[in-house]
Amino acid sequence: MKRNIIVEKSFEFSVRVVNLYKYLVSEKREYVLSKQLLRSGTSIGANVNEAVEGQSKKDFISKMNIALKEARESRYWLELLERTEYISGEKSKNILIEIDELIRILVKIVKTSRERL
């Protein structure tokens, strides 16, 4: 079976988001922003997986575009958590690098797929 980088990276990001959520709830007692991040951050991988099994090229593009929107939303929540000092240092730096990479990959996938429609 061929490796699918976006499937792997979006899944690994979901795992990091779940672990960050658990940390924020247990250590920082932060429930609102972390829940928003949990929803958008895990939605990226779910939509990528749906896209891979899409019924058509248009369905694929639609799901990847939703994944891209969720990635951008996740970046917003991460920036807000960093700015409000719920996360800091290496924890925020690494996960922001990871989400930026996901966004770049998803932009390229959506753009290339639309060109080939």
Side-chain angles (χ1 to χ4, degrees):
M1 186 174 207
K2 188 178 173 185
R3 282 185 69 206
N4 188 321
I5 298 299
I6 191 63
V7 169
E8 291 175 17
K9 286 187 177 291
S10 61
F11 180 80
E12 288 305 317
F13 183 76
S14 293
V15 170
R16 288 205 54 192
V17 165
V18 169
N19 288 329
L20 178 56
Y21 172 78
K22 292 189 305 189
Y23 163 79
L24 289 167
V25 169
S26 66
E27 301 295 321
K28 299 289 188 168
R29 303 287 185 239
E30 198 299 307
Y31 303 99
V32 178
L33 303 177
S34 57
K35 182 68 107 179
Q36 293 290 96
L37 175 61
L38 180 67
R39 287 184 179 134
S40 64
T42 56
S43 179
I44 300 165
N47 279 289
V48 165
N49 274 285
E50 284 186 45
V52 169
E53 299 299 324
Q55 298 172 0
S56 67
K57 187 77 164 182
K58 284 186 176 183
D59 189 35
F60 174 84
I61 293 168
S62 175
K63 295 295 183 190
M64 283 295 186
N65 203 44
I66 293 168
L68 175 57
K69 288 178 181 181
E70 295 292 341
R72 287 184 171 138
E73 180 182 342
S74 296
R75 188 173 207 312
Y76 172 83
W77 295 122
L78 288 165
E79 287 176 347
L80 189 57
L81 285 162
E82 179 186 43
R83 186 74 61 90
T84 56
E85 300 178 359
Y86 281 107
I87 57 174
S88 61
E90 285 301 307
K91 190 174 291 252
S92 65
K93 179 183 174 189
N94 291 338
I95 201 163
L96 285 167
I97 289 169
E98 199 172 335
I99 193 62
D100 286 342
E101 182 181 15
L102 275 174
I103 290 169
R104 281 193 303 279
I105 294 168
L106 288 165
V107 164
K108 184 71 173 170
I109 289 169
V110 169
K111 184 178 179 186
T112 303
S113 298
R114 284 184 179 153
E115 290 170 356
R116 294 181 181 169
L117 236 185

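Remember, it's a predicted structure, so these values are computed and weren't measured experimentally.
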Practice prompt. Determine, stepwise, if the pair Leu81 / Ser92 fulfils side-chain contact (heavy atoms from CB on, under 4.5 Å).
Written response: CA-CA 9 Å; Leu81 285 162; Ser92 65; over 6 Å; no
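- For Tyr23, the OH atom is densely surrounded, since the number of other residues' heavy atoms within 6.0 Å is greater than 12.
- Note that CZ of Arg114 and CZ of Phe60 are 11.5 Å apart. Values are rounded to the nearest 0.5 Å.
- Linking ILVMFWY residues whenever their side-chain heavy atoms come closer than 4.5 Å, directly or via other members, leaves Ile97 and Leu78 in distinct clusters.
- Taking each heavy atom of Arg16 and Glu98 in turn, the nearest pair found is NH1-OE1, 2.5 Å.
- Residue Asp100 is tested with Lys9, Lys93, Arg75 for a salt bridge (charged side-chain N to carboxylate O under 4.0 Å, His left out); the sole match is Arg75.
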Worksheet item: side-chain contact (heavy atoms from CB on, under 4.5 Å) between Leu24 and Ile87: does it pass, once the steps are laid out?
Response: CA-CA 8 Å; Leu24 289 167; Ile87 57 174; 3.9 Å; yes
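- Note: the hydrophobic cluster containing Val52 does not contain Ile5 (ILVMFWY, side chain heavy atoms under 4.5 Å, direct or indirect links).
- Atom-to-atom distance recorded for Ser74:OG and Glu79:CD is 11.0 Å, nearest 0.5 angstrom.
- Here Glu30 contributes atom CD and Tyr21 contributes atom OH; the two are 9.0 Å apart, rounded to the nearest 0.5 Å.
- Between Asn47 and Lys69 the shortest side-chain heavy-atom distance does not fall below 4.5 Å.
- Annotation for Ala71 and Leu106: closest pair CB-CD1, 4.1 Å, computed over non-hydrogen atoms.
- Of all heavy-atom pairs between Ser113 and Lys57, the closest is O-CE, 3.9 Å.
- When hydrophobic clusters are built by joining Ile, Leu, Val, Met, Phe, Trp and Tyr residues whose side-chain heavy atoms come closer than 4.5 Å, directly or via intermediates, Ile66 is not grouped with Ile103.
- At a threshold of 4.5 Å between non-hydrogen side-chain atoms, the residues Lys22 and Asn19 count as touching.
- With a 4.5 Å cut-off on side-chain heavy atoms, Leu80 and Leu37 do not count as touching.
- Under a hydrophobic-cluster definition in which Ile, Leu, Val, Met, Phe, Trp and Tyr are linked whenever side-chain heavy atoms come within less than 4.5 Å, directly or via other members, Val15 and Ile95 are assigned to different clusters.
- Residues Leu20 and Val32 do not share a hydrophobic cluster, clusters being chains of Ile/Leu/Val/Met/Phe/Trp/Tyr side chains in contact below 4.5 Å.
- The number of heavy-atom neighbours closer than 6.0 Å to NZ of Lys111, taken from other residues, nucleotides and ligands shown, is 12 or below.
- Annotation: the span from Glu70 atom CD to Asn65 atom CG amounts to 11.0 Å, rounded to 0.5 Å.
- Here NZ of Lys108 is found 13.5 Å from CD1 of Ile6. Values are rounded to the nearest 0.5 Å.
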Item to complete: Go through the steps for Ile109 and Val48 under the test side-chain contact (heavy atoms from CB on, under 4.5 Å), then give the verdict.
Response: CA-CA 11 Å; Ile109 289 169; Val48 165; over 6 Å; no
Discussion item. Between Ile61 and Met64, is the side-chain contact (heavy atoms from CB on, under 4.5 Å) condition met? List the steps.
Written reply: CA-CA 5 Å; Ile61 293 168; Met64 283 295 186; 5.9 Å; no
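- Taking every heavy atom of both residues into account, Ser14 and Thr42 meet most closely at OG-CA, 3.5 Å.
- For Glu115, the CD atom is densely surrounded, since the number of other residues' heavy atoms within 6.0 Å is greater than 12.
- Closest approach of Glu8 and Arg3 over heavy atoms only: OE1-NH2, 2.7 Å.
- To the nearest 0.5 Å, the span separating NZ on Lys63 from CD on Gln55 amounts to 9.0 Å.
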